[in-house]
Structures are given as structure tokens and as C-alpha cells.
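One structure is given below, encoded as C-alpha cells.
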Amino acid sequence: MNAKIAKIVAKKGVMPVSELTAYDYPTARLLDESGVDMILVGDSLGMVMLGYPDTTHVTLEHMLHHGAAVVRAAKNAVVVLDMPIHTYDTPEQALATAQALMAIGADAVKLEGGVDKEEHIRTIVQAGIPVQAHIGLLPQKVKEEGGFRMKGKTDEEAAAIMRDMEAVVRAGAFSVVIECTKHSVAAEITKACPIVTIGIGAGRGTCDGEVAVIHDLVGAFPWFVPGFARPKANVADAIREAVATWQQEIEKPQ
Ligand code: KIV
């Protein structure tokens with residue numbers, strides 16, 4: 001295991017792990033300089049950067065283009081690149097995609113799924129590539145499931161998520177994102193899980209760390225804000241105000 005990933009792994013039960021998304025050079029550089037542990041080039045880029053309704057429109061080309069910019073910016077943070085839908089349908093395809101993402105300088109890759117992706121993750125890990133898994137709500141399945149819906153509300157669903165966690169651990173993932181589950185389910189999984197769990201929409205303090213989409217954190221995508229977001233700035237209004245001030249200036253030159 002390389003030293004950067006080992007540092008994340010060593011934080012389990014010791015220090016919370018921070019992970020934020022970035023899709024471009026300046027944002028990634030600011031996050032890196034702020035000391036964020038991990039920068040995720042998530043396929044959420046399809047929604048917040050490219051204006052698609054969900055993540056299913058994202059291609060490997062998109063990830064390579066945005067991922068390379070983030071890699072150029074990040075000096076300390078672990079850079080995780082998401083694997084887009086239908087780029088890991090088989091273990092062989094998963095490995096080829098992971099290798100393409102690592103070739104531009106990623107530190108790790110992320111993919112969605114648990115029991116159904118155990119073999120895919122194992123194949124990537126056995127090739128020496130660190131994998132962050134992603135269980136609970138899977139945005140790439142949102143179309144087939146008919147929308148974004150909290151997971152783990154029934155005992156059967158909670159047990160299935162637990163089995164997904166066990167599968168990704170067996171496969172050798174170094175970390176697992178738990179998205180939008182009932183908070184008690186995320187807490188139970190974290191307790192039982194030997195690898196770092198990273199929550200999003202899964203309750204505060206329930207996981208070993210948290211991940212957030214940078215646009216949600218800084219208020220840069222005002223047209224859709226998930227209910228669980230905790231914005232710390234209002235970049236959309238700052239841009240609107242700067243543009244209005246500038247427009248007034250050019251309309252009334254001194
Ligand atoms: O694509 C993404 O940004 C993600 C996070 C929400 C975990 O997968």
C-alpha cells in the first residue's frame with residue numbers, strides 16, 4: 001500500500017477523514033492548500049459542472065479531462081477518480097478503466113456497488129490499484145430505481161447494505177462511501193467495518209469521515225441543494241453581486 005493511502009487507512013478510529021469533490025484546477029488547488037485529506041473527482045461533475053440531470057451521462061473522457069486538471073493541482077491530498085457508469089460492467093473492463101484513470105496520476109479509483117461488484121474490485125486491487133467503494137444510494141442506479149431515495153429504511157435493506165460492506169472489504173477496498181442511508185444503519189456499518197467509512201447524507205458523526213460535493217458546501221449550485229447539505233458560503237450570490245457591481249461600473253463609467 002502506498003504511503004498516501006496508508007495515511008488515510010491509519011485514521012480509522014483515530015481522526016475523522018475529510019473528502020471533498022473538485023473537478024478543476026483552481027478548486028482542487030484551494031482544497032489541497034486547505035489540507036483536505038482526499039479530493040474526489042466524482043461523476044457528480046455531470047450534474048454540477050456539465051448540467052446533466054444525473055450522473056449517467058458521464059463518460060471516461062469527461063473523467064480523464066477533469067481528473068488531469070485536479071491531479072495537476074493536488075500536491076498532498078489523495079486524488080480519487082470516479083469510474084463512470086458502464087465503464088466497469090465486467091472485471092476486465094473495470095481493470096482497464098481503473099488503469100486508464102491511474103495513468104493520468106490518480107491515487108485511487110471509486111466505483112459504485114457491493115456484492116455485485118466484489119469480483120470487479122478484487123481484480124482492480126490485485127493489480128495494485130487502491131479502490132474506494134460506494135454503497136447505500138447509488139446515483140448511477142437512480143434512473144432504474146426511479147429517483148433519489150434514502151436507503152436502509154427496512155431491515156432487509158439495512159441487511160443488504162451490511163452485506164455490500166462485507167463484500168467490498170473482502171475484495172480489498174481501502175475505504176467505502178456510504179451514501180444516503182438511515183443514520184443508524186451508517187453507524188452500525190461503521191462499527192462493524194474494518195476499513196474507513198465515509199458518509200454523505202448518512203448523518204453527522206456516524207462514519208469515519210465525510211464527503212461533500214464542493215458546490216453544496218460553498219453554495220455554488222443554487223438550483224438544487226440536497227436536504228442534507230450544510231453550506232458554509234454563498235458563492236452563487238457572491239458571483240451575482242460581483243457581476244451586478246461590474247455591470248453598474250461599465251454602464252456608468254467614471
Ligand atoms: O460523484 C460524487 O461526487 C460522489 C460523491 C457524492 C460521493 O460519488
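Note that this is a predicted model, so its numbers are computed, not measured. Indexing begins at 1, ligand by ligand and atom by atom, following the structure's order.
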For ligand 1, list every N/O pair with the protein closer than 3.5 Å, one pair per line with the distance.
from	atom 1	to	atom 2	distance (Å)
ligand 1	1 (O)	D43	N	3.1
ligand 1	1 (O)	D43	OD1	3.0
ligand 1	1 (O)	S44	N	3.0
ligand 1	1 (O)	S44	OG	3.3
ligand 1	1 (O)	D82	OD2	3.2
ligand 1	3 (O)	S44	OG	2.5
ligand 1	8 (O)	K110	NZ	2.8

Check your understanding: Taking atom CH2 of W246 as the centre, does the number of heavy atoms from other residues, nucleotides or ligands within less than 6.0 Å exceed 12?
Key ->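 Open: at most 12 neighbouring heavy atoms sit under 6.0 Å from CH2 of W246.
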
Review point. Transitively linked via ILVMFWY side-chain contacts under 4.5 Å: L45 with M47?
Key: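 They do not share one cluster, since no chain of ILVMFWY contacts under 4.5 Å joins L45 to M47.
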
Check your understanding: Does a donor on one side chain sit under 3.5 Å from an acceptor on the other, for T55 and Q140?
Key ->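 Side-chain D/A pair, T55 to Q140: absent.
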
**Study point:** Check: H120/T123 side-chain N/O donor and acceptor closer than 3.5 Å
**Key:**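 The answer is no; no qualifying pair exists.
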
Point to revise | Test: K110 and E19 ion pair at under 4.0 Å | key: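 Looking at E19 together with K110, the answer is no, because their closest N to O distance does not fall below 4.0 Å.
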
**Study point:** Aromatic plane relationship, F221 with H215 - under 30° parallel, 30 to 60° tilted, over 60° perpendicular
**Key:**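 Rings of H215 and F221: perpendicular, as their planes differ by over 60°.
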
